[in-house]
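First listed ligand is number 1; within each ligand, the first listed atom is number 1. If you read the sequence from its start, that first residue is 1, and numbering goes on from there. In this text, all values refer to a predicted model and were calculated from it rather than measured experimentally. These values consider heavy atoms only, across backbone and side chains, with no hydrogens, waters or symmetry-generated copies.
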Amino acid sequence: MQKLADIDSEAAALARQQEGCARRISVLGATGSVGTSTLDLIARHGDAFEIDALTAQTNVAALAELALKHRARLAVIGSTQGYEELKARLAGSGIEAAAGPAALIEAASRPVDCVMAAIVGAAGLRPTFAAARAARRVALANKECLVSAGTVFMSAIKDAGAELLPVDSEHSAVHQSIAGTDPKFIERIVLTGSGGPFRTWSAVEMAAATPEQAARHPNFSMGRKITVDSATLMNKCLELIEAYHLFPVRADQLAVVVHPQQIVHGFVEFADGSVIAQMGTPDMRTPIASSLAWPARMAAPAARLDLVRLGSLTFEAPDERRFPALGLARRTFELGGTAGAVLNAANEVAVEAFLARQIPFPAIAALAGDALETAARQGQVREPTCLDDVIAADEEGRALARGLLRRYS
Ligand code: NAD
Ligand code: MG
């Protein structure tokens, strides 16, 4: 005879299936800001989720700790030097250990319900593509994948019959706001942004901004790279390109509004004059929860929104003169093809150079724009047909940007 507890757990499992909750999950970039937020959220849901693979690039100790805590089946460290230490730390646990770029791709290729793609930068391209081919659902935090490989990545998702859910808070907001509305009724999609730590700084002050000052994001604690992108507003530029690939609109239907409180994460204007927005206190666990549970919902611990206590929300137009990175989205749309890959690669090189104090803050956007124009002039922007074309453009973008570094230092 079945015990009541078994019937209960069967009922719970069935309910989960019906809710559409992804049960078995892998997290690529598990030690990062989005990765750890994802695991924190999952841990709050008892045995509703199982962790399959966790990956990280260099931090072996953090990866091993997460793998043990969440009883993962596989832990992969991208840097091969970390292998012996990872194996030693996982000894006796039954958790498989692996290392190196090929192992990262194998980890991403395991057939799970959902892969959280949270590697930072173009380094996430190959693993995220592998996930698109193998997973039922890809929860996408790695926006650089869409910026660099947009059309090719969307085709990979479509060909595999996978489901793509945005994790980026603005895109999650837009996805939730559209929720099944016929695209022909969408007039405009607006992404909001905090304006970053230099929202009120003059161009002269920004010219002397240090990496420490750029690291002070007003509302979020995030990885190093996206924090700098938020200070230049390159993050909004990348997000416009991300939105272009995710949603069924033209580039001229996309806009950015600065909203320092980051309560309204994005909104959609419809043909009947309705504007639907998604709100919440700034906490990545909310959009992560939406990406895991969609179309159902799951509990997440973000501080509850108290509009009365907040009193007012403010909005302003972004200043493209002080934040020229924003305008690079338009140029990328005009050029099309691999322009996004070149822009993203050049930005990654420029951000690293700024963090290494080789170039001043305003040089990040200038260098990225310069690399983009140089690539266009030299006929290096082409229509990509596969991931290898994108990776070739990424490498060209990096080489162009490195060649330009001295001019900006
Ligand atoms: P992070 O720097 O905190 O973490 C990055 C993760 O990727 C780490 O686990 C790291 O080990 C791994 N990684 C780094 N380099 C790698 C490489 N070469 N190969 C394989 N793995 C590598 O970054 P994050 O802030 O969590 O951001 C992750 C992604 O999510 C980025 O694309 C970012 O734009 C996007 N995103 C982040 C936030 C946020 O709040 N942090 C919000 C929206 C979108
Ligand atoms: Mg965002």
Side-chain angles (χ1 to χ4, degrees), residues 26-40 53-67 75-80 82 86 99-105 107-108 116-128 130-131 138-148 166-175 191-196 215 217-230 233-243 246 256 259 262 264-266 278 282-288 290-291 302 344 347-348 351-352 355 394:
S26 292
V27 182
L28 313 178
T31 54
S33 162
V34 172
T36 49
S37 292
T38 304
L39 290 169
D40 172 86
L54 296 182
T55 83
Q57 183 59 13
T58 48
N59 194 340
V60 178
L63 176 65
E65 195 186 319
L66 290 169
V76 180
I77 193 81
S79 155
T80 41
L86 182 64
L104 280 182
I105 293 169
M116 169 57 69
I119 291 174
V120 60
L125 278 168
R126 286 199 193 281
T128 308
V138 177
L140 187 72
N142 179 232
K143 68 187 84 187
E144 295 90 348
C145 180
L146 272 180
V147 172
S148 301
V167 171
D168 213 348
S169 54
E170 299 76 5
H171 305 72
S172 173
V174 169
H175 176 256
L191 310 177
T192 56
S194 69
H217 190 274
N219 305 322
F220 275 113
S221 157
M222 311 181 288
R224 236 160 55 110
K225 192 248 174 191
I226 186 176
T227 304
V228 177
D229 287 347
S230 299
L233 294 206
M234 183 64 83
N235 187 45
K236 289 303 135 188
C237 165
L238 302 180
E239 289 185 352
L240 283 168
I241 303 170
E242 182 185 11
L246 280 172
V256 167
H259 167 44
Q262 280 194 292
V264 175
H265 301 295
Q278 184 263 354
D283 183 327
M284 280 306 291
R285 290 171 299 185
T286 298
I288 291 169
S290 176
S291 76
N344 179 67
N347 179 56
E348 289 189 23
V351 168
E352 280 302 320
L355 289 172
D394 173 272

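- Restricting Glu170 to its N/O/S atoms, the shortest distance to the Mg ion (ligand 2) is reached by OE1.
- Residues Glu144 and Lys225 are paired through a salt bridge, judged by an N-O separation under 4.0 Å between the basic side chain and the carboxylate.
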Practice item. Test Asp229 against Val351 for side chain to side chain contact (heavy atoms under 4.5 Å, CB included), laying out the working first. Key: CA-CA 8 Å; Asp229 287 347; Val351 168; 3.6 Å; yes

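- Across Ser79 and Ala99, no two heavy atoms sit closer than the pair O-CB, 4.2 Å.
- Of all the N, O or S atoms in Glu239, the one closest to the Mg ion (ligand 2) is OE2.
- Using modelled atom types, one finds no donor on one side chain facing an acceptor on the other under 3.5 Å when comparing Asn344 with Asp394.
- Listed as neighbours of ligand 1 are Gly29, Ala30, Thr31, Gly32, Ser33, Val34, Ala56, Gln57, Leu104, Ala118, Ile119, Val120, Ala123, Ala141, Asn142, Lys143, Glu144, Asp168, Met222, Gly223, Ile226, Met284, each bearing a heavy atom under 4.0 Å from the ligand.
- Looking at every heavy atom in both residues, Val27 comes nearest to Thr38 through CG2-CG2, 4.2 Å.
- Other residues, nucleotides and ligands contribute more than 12 heavy atoms inside 6.0 Å of the CZ atom of Arg285.
- Between the Mg ion (ligand 2) and the N, O or S atoms of Asp168, the shortest distance is to OD1.
- In terms of the side-chain hydrogen bond (donor to acceptor under 3.5 Å, both in side chains) criterion, residue partners of Glu242 (sequence neighbours excluded) are, by chain and number, His171.
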